[in-house]
Amino acid sequence: MLTLIRKSKLNNVSIRIKIMLVIMFVSTLSLSLAFVSLFIYDFWYYQKKMVKDKTHMADVVGNTASASIDLGLVDAAETYLNDMFSKEKEIISSFVFKEEKILASYQKDKSNKKLPAYAAQSHAFNFTENYLEIYQDIYDDDEKICTIYLKSNIDDLYQRSISYASVFVFVFLCALALNYALSMSLQKIISKPILSMAETTNKISVDRDYSLRIEVNRHDEVGMLMEGFNEMLSQIEKQNDALVLSKEQAERSVKVKEQFLANMSHEIRTPMNAVMGMTDLLLGTPLQVEQKKYLEIIRNSADNLLVILNDILDFSKIESGKLMFEEKVINLSLMIQGIVAGSKIKTDKKQIKIITSIPNTFPNLFLGDPVRLNQILLNLYTNAIKFTEEGEITIGANVLTEDEKTVLINFYVKDTGIGIPEDKTETIFLSFNQASSDTTRKYGGSGLGLTICKQLVELQNGKISVISKVGVGSTFSFQITFKKFFDKENEKNKIVLQKAKDEIVADGKGKKVLLAEDNEINQMLVVHLLERWNFVVEVAENGMIAFEKLRDSDYSLVLMDVHMPELDGYQATEKIRSELDNPKNQIPIIAMTASALKGETERCLAAGMNDYIAKPFDKNVLRDKVLHYTSI
């Protein structure tokens, strides 16, 4: 604040100085131009007068001397010249000559009677060095009798110029001093309203108070400027109030929306975790064919519900700009195999032929976000299955262009389904929009899948398009540039190791795990899985019980649900980290939450948890993380 005040004061001084300098500069320039113009005019006028006087003198002398010369009285003519010019101090010499012959002469320097070479010429006048030379021809009845030459010094002209310049400098300095005194007072008249506006602007920028106004006490142009400034502030104040109100409403709306999504995510995912988990457990038991069929239907329905929920959450993340992309190794062949295998039941039921098309020259591995690429391809592929009753579906990719570091890949999914009307091919990428209301009723879906695909592609600087014909089928394609992956051998080893790891039978070796979970079905599911992997499990119904159990007993790991009564998972973790003694306050804690919003992972880690598992969880993910943290 003090810095801003100092800057404001310095700016005010700067403005005053600038205004004063402008006034002085304009005034000084005007005075200088006026004095110089007068000086030049006076010099020119006096010079012209001097030529006129000396020309008249030469004319008088010429007429008198020529009469004596006509009578042959040359001595009388020369005597006249000497008598005439001996009294004129400025006359240096004078000659009466005809055809370069001197007839009579006068010179202050008596020893030099030679006619100057230039005197033989005939000019009206000539300024040379510090002298004025006059040439005057004398005529009688249009007959040239002789020429008079006068040479005069111009000391008077120079003396007058020096005197005039001295007066000019004196008057100029006096005017400059007066100008300075006047500009000091006049600049206040101009600078005061400007400084007032500057100070008001500075206060507004510091305090954000748009209710400030300038006092208007004048009715000239500056007063009009001040009134305009106040009117502008009034408009800014109204707009600012409206923007603040809109911002507050938008922030409240975003918070309500985020809270709603968080609540819905938790409330839907929690029972879905139980449904999907228990279904998996039942599918792992001996079942009749009909029972297995019903369970698979339940599991597929749960998967569909989870897809719709994830679509809504992804759409929210994309809208808020919180979606992030990773850079990992992508094996497209394995990805497409997984996509096709995951929907094999549906395609076999419809007897649809599936074709995978990847050229032999296609790069096996490249760098990008495998999760988002899989999401786009899976969405397009499941859409193709949904809208295709017979025929075939082709899923594949090909390289469009490449250089040393990057490769532009074209992915496509082609079907022989119902097709899309030509006038609907653009609208299907809009939010909550399908080709028709009949499509929504018949085939279901959130209407967000293609919107999310388009946004995911464009966020990676790619393009997505569709070519379709009703009754013939559709081809969805998109192009994205990826970085090339060069360390192929190491990646193959990683894939082999990962497959080997997946085949290992988990063995908890009787280690104790504390499960903090308030949902009985989720308790049953997690306990069953952990006991299958040879862990000993104890359950705490809320965060406070979990804290007390950990305080009184030893465990290798805590699985902490974040939404519980008494103490939630965040509060319980903070209490464990701050109130228990070492080493219990350092026990690994894995968060288990049904909230899948952006920022949930960061919130869990900030509370002191070591890792994060989203519900509904993959049992393999749970197994790997539990094994990892219980072996530390």
Side-chain angles (χ1 to χ4, degrees), residues 262-263 265-274 276-278 281 506 508-597 599-619 621-632:
N263 291 339
S265 173
H266 180 266
E267 296 302 324
I268 296 173
R269 284 174 177 272
T270 298
M272 281 185 64
N273 184 56
M276 297 175 72
M278 290 300 179
L281 292 178
K509 300 178 181 179
K511 294 179 180 179
K512 291 178 66 177
V513 175
L514 178 60
L515 172 63
E517 172 67 67
D518 63 323
N519 186 283
E520 294 182 2
I521 300 176
N522 285 334
Q523 290 175 4
M524 186 187 307
L525 173 62
V526 177
V527 168
H528 182 89
L529 290 172
L530 291 177
E531 287 180 346
R532 179 191 290 182
W533 300 329
N534 295 324
F535 286 98
V536 177
V537 188
E538 290 190 12
V539 177
E541 289 76 16
N542 59 56
M544 182 58 73
I545 296 175
F547 173 78
E548 293 171 350
K549 281 182 173 289
L550 183 58
R551 181 189 60 195
D552 300 333
S553 303
D554 295 327
Y555 300 91
S556 298
L557 175 70
V558 177
L559 293 175
M560 183 78 74
D561 184 30
V562 297
H563 296 285
M564 295 182 293
E566 296 287 335
L567 281 180
D568 63 27
Y570 306 114
Q571 296 168 332
T573 300
E574 291 173 356
K575 191 174 180 66
I576 290 169
R577 298 301 189 209
S578 61
E579 297 185 16
L580 293 183
D581 297 330
N582 193 39
K584 289 188 177 182
N585 62 1
Q586 299 300 317
I587 187 170
I589 300 175
I590 300 177
M592 299 183 69
T593 174
S595 176
L597 294 179
E600 190 67 27
T601 304
E602 291 78 5
R603 186 181 177 189
C604 292
L605 297 177
M609 301 179 189
N610 299 84
D611 211 330
Y612 169 95
I613 296 176
K615 300 176 185 177
F617 55 78
D618 186 323
K619 63 183 180 181
V621 174
L622 176 64
R623 179 200 63 199
D624 292 344
K625 291 196 176 186
V626 170
L627 284 174
H628 171 72
Y629 284 103
T630 54
S631 63
I632 295 177

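Just so you know, residue 1 is the first one in the sequence shown, and it goes up from there. Being a predicted model, the structure only gives us computed values, none of them experimental. Excluded from the calculations below are hydrogen atoms, water molecules and symmetry mates; all remaining heavy atoms, backbone and side chain alike, are included.
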CG-CG distance between L557 and L515, expressed to the nearest 0.5 angstrom: 10.0 Å
Side chains of K575 and M544 in contact at under 4.5 Å (non-hydrogen atoms): yes
Close side-chain approach of W533 to L622, heavy-atom, < 4.5 Å: yes
Between CD on residue E574 and CE on residue M609, distance to nearest 0.5 Å: 8.5 Å
Any donor-acceptor N/O pair, E566 side chain to G543 backbone, under 3.5 Å: no
Salt bridge (charged side-chain N to carboxylate O under 4.0 Å, His left out) partners of K511, counting only residues at least two apart: none
Taking every non-hydrogen atom, the tightest pair across T573 and G608: CG2-C, 3.7 Å
Of L559, V527, V526, the residue whose pairing with V537 passes side-chain contact (heavy atoms from CB on, under 4.5 Å): V527
With H628 via side-chain contact (heavy atoms from CB on, under 4.5 Å) - residues at least two apart: I632
Pairwise distance OG1(T593) to CZ(R603) - rounded to 0.5 angstrom: 9.0 Å
Intermediate values then yes/no, side chain to side chain contact (heavy atoms under 4.5 Å, CB included), I587 and R577: CA-CA 9 Å; I587 187 170; R577 298 301 189 209; 4.2 Å; yes
All side-chain contact (heavy atoms from CB on, under 4.5 Å) counterparts of D518, not counting sequence neighbours: D561, M564, P565
Residue pair K584 / I576, side-chain heavy-atom distance below 4.5 Å: no
Non-hydrogen side-chain atoms of F617 and L529 separated by less than 4.5 Å: yes
Considering all heavy atoms, the nearest T630-L627 contact: OG1-O, 3.3 Å
Donor-acceptor contact below 3.5 Å, side chain N585 vs main chain L580: yes
Nearest heavy-atom neighbours spanning A546 and L514: O-CD2, 3.5 Å
Side chain to side chain donor-acceptor pair (under 3.5 Å): pairs with one or both residues in residues 540-555, sequence neighbours excluded: E538-Y555
Which atom of V562 lies closest to which atom of C604, heavy atoms considered: CG1-SG, 4.3 Å
N610 side-chain N/O to I589 backbone N/O, donor-acceptor pair under 3.5 Å: yes
With sequence neighbours excluded, residues passing salt bridge (charged side-chain N to carboxylate O under 4.0 Å, His left out) with K619: none
Distance, nearest 0.5 Å, that separates OH of Y612 from CD of E602: 9.5 Å
Distance-minimising heavy-atom pair for E517 and V539: O-CG1, 4.3 Å
Counterpart residues, side-chain contact (heavy atoms from CB on, under 4.5 Å), relative to D568 (two or more places apart): Y570, Q571
Set of residues satisfying side-chain contact (heavy atoms from CB on, under 4.5 Å) with respect to V621, sequence neighbours excluded: D618, K625
Rounded distance (nearest 0.5 Å) linking atom CG of N522 with atom CE of M592: 7.0 Å
